Amino acid sequence: MLSKRIIACLDVRDGKVVKGVNFEGLRDAGDPAGLAQRYNRDGIDEIVILDVTATLEARQARANTIAAVARQIFLPLTVGGGIRNEDDAAAAIDAGADKVSLNTAALENPPLISALAKRYGSQAVIVAIDAKREGDGFAVFARSGTSAAHRNAIEWAKEAAAMGAGEILLTSIDRDGTKAGFDCELTAAVSDAVNIPVIASGGAGTFDHFAEVFTTGHADAALAASIFHFNEQSVSELKQFLAERAIPVRK
Amino acid sequence: VIALVDYGAGNLTSVRKALAAVGAQVWTPSVPGELGRAHGIVVPGVGHFDATRQITEDWRTAIKTVADDGVPLLGICVGLQWLFQGSEEAITTDGICLFKGTCFRFTERVNERLKVPHVGWNSLRMPKPSRLMAGVDNDTQVYFTHSYAAPVIDDTVAICEYGVPFSAAVERDNIAAVQFHPEKSGDAGLRILANWSELVRRSSERSGGAKADVK
């Protein structure tokens, strides 16, 4: 049976993990490769590196980070943040990423999705959608949630899938950082509308939240950052919890 | 040494790195004639079956010649599909027919709603013992990402199910292939690559080591 995936997100800037790292016994808490290795030992299914810096110099720093993480772990590795064009994507993939995650660039230039899908295959192209509740619907925001894209999240997800995206990484802006739980309504609406896997993100605070998003939220995977950083609870404990609730996970 | 065939479909970094992690020496031949030096050949692949069209006739011939000589061959993902007769994904592109059958799209065989691509960790069942899957237990999970799959045949040594059973791994004599990505499947994946790398080592000892370029 296909497992529900648990994905850890590393927010990286200038080669250092910048968000909520609080591990004991880790020599350099800001070291992405060390953190990835720790997650790997703990049974994480995938790693996402989100690198928000996008200057030319930063691209080289990012390549070094990707290569350092890829050397340590034999798991699927996604790189997102600042992937603006084919060159950025190629640099990330050449450095060892298996998938790239497009957000603002896909909104501004949708043909980039098809171009990358054609070059690397759909399985290498994730379209990240940051969505916020607006009236009865869900509106898409670009530029790290700061700029309204004037698109409906469900319609945009369908369009991205039709253009060759292999997965959707769906973040609820309303829930991000709140630890109040994933937005299951949003996740289910998008997951039911597209025929590609949907990764839910934003709001993970407890193990119950993961169980919810995999059942009522129809998510294929769930991504979190701070819950794994701050909690004493581990990925392996989370998986145990989910398995006890008959949610298929990789042991 | 192991030849990693680069036909321009996606990156080879992960496969190269994982083979190195299990102690294998890997190089990427630049012309088909170099394949004669190989003690083992890996045909990787991601994406679309049609990409295998970039494996030109001279490469096909060289790969087939070396495989016919008994050199271990390993196909990965689309590389597995290429070892079959063909795929519904690109009906005008032929595989090299080392295994019988045509690859199919999940959505063509399954009535229930299935998300495609099949992405993620899924479990294996071994219908019979094999050298490739030695030491890998039933229910071990490995990482898949694909929209097309090969049918279960007599040579199938690992079966996975996604709406329908399909070949996760096949092995016959010196020819082996996996639909999943062993280079992305954690310890289980490395074990499988180590098994195959060991086959290469033993095969090269039997052949006496020295190898020349083929024409």
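As the structure is a computational prediction, the values presented were derived from the model and not from experiment.
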Under 4.5 Å heavy-atom distance to chain B, tell me which part of [X] shows up: side chain, backbone, both or neither.
X        : result
A/Asp220 : side chain
A/Arg250 : both
A/Val249 : backbone

Taking C-beta and beyond as the side chain, do [X] and [Y] meet within less than 4.5 Å on heavy atoms?
X        : Y        : value
B/Trp121 : A/Leu2   : no
A/Glu167 : B/Val119 : yes
B/Asn122 : A/Ser3   : no

>> Tell me whether the count of non-hydrogen atoms from other residues, nucleotides or ligands lying under 6.0 Å of NZ in B/Lys128 goes above 12.
In response: yes
>> Atom CD of residue position B/Gln25 - does it have more than 12 heavy atoms of other residues, nucleotides or ligands inside 6.0 Å?
In response: no
At a 4.5 Å cut-off on heavy atoms, which part of [X] comes close to chain A: side chain, backbone, both, or neither?
X        : result
B/Leu114 : backbone
B/Ser123 : both
B/His118 : side chain

> Taking atom CG of A/Asn195 and atom OG1 of B/Thr107, what is their separation to the nearest 0.5 Å?
Replying inline: 7.5 Å
>> Check whether A/Phe74 forms a cation-pi arrangement with B/Lys17 (NZ or CZ under 6.0 Å from the six-membered ring centre, at most 45° off the ring normal).
In response: yes
> Does B/Lys184 use its side chain to pair, donor to acceptor, with the backbone of A/Leu75 at less than 3.5 Å?
Replying inline: yes
> B/Lys115 and A/Ser191: side-chain donor and acceptor closer than 3.5 Å?
Replying inline: yes
> Sequence neighbours excluded, which residues qualify as side chain to side chain donor-acceptor pair (under 3.5 Å) partners of A/Arg245?
Replying inline: none
> Can you name the nearest heavy-atom pair linking A/Gly96 to B/Thr13, along with the distance?
Replying inline: CA-CG2, 4.4 Å
> Picking from B/Cys160, B/Gly189, B/Ser147, B/Gly186, which has the most non-hydrogen pairs under 4.5 angstrom with chain A?
Replying inline: B/Gly186
> Taking A/Glu46, A/Lys4, A/Lys251 one by one, which has the highest count of heavy-atom pairs under 4.5 Å against chain B?
Replying inline: A/Glu46
> Taking only residues two or more places apart in sequence, or in another chain, which ones meet A/Ala193 in a side chain to side chain contact (heavy atoms under 4.5 Å, CB included)?
Replying inline: A/Ile154, A/Lys158
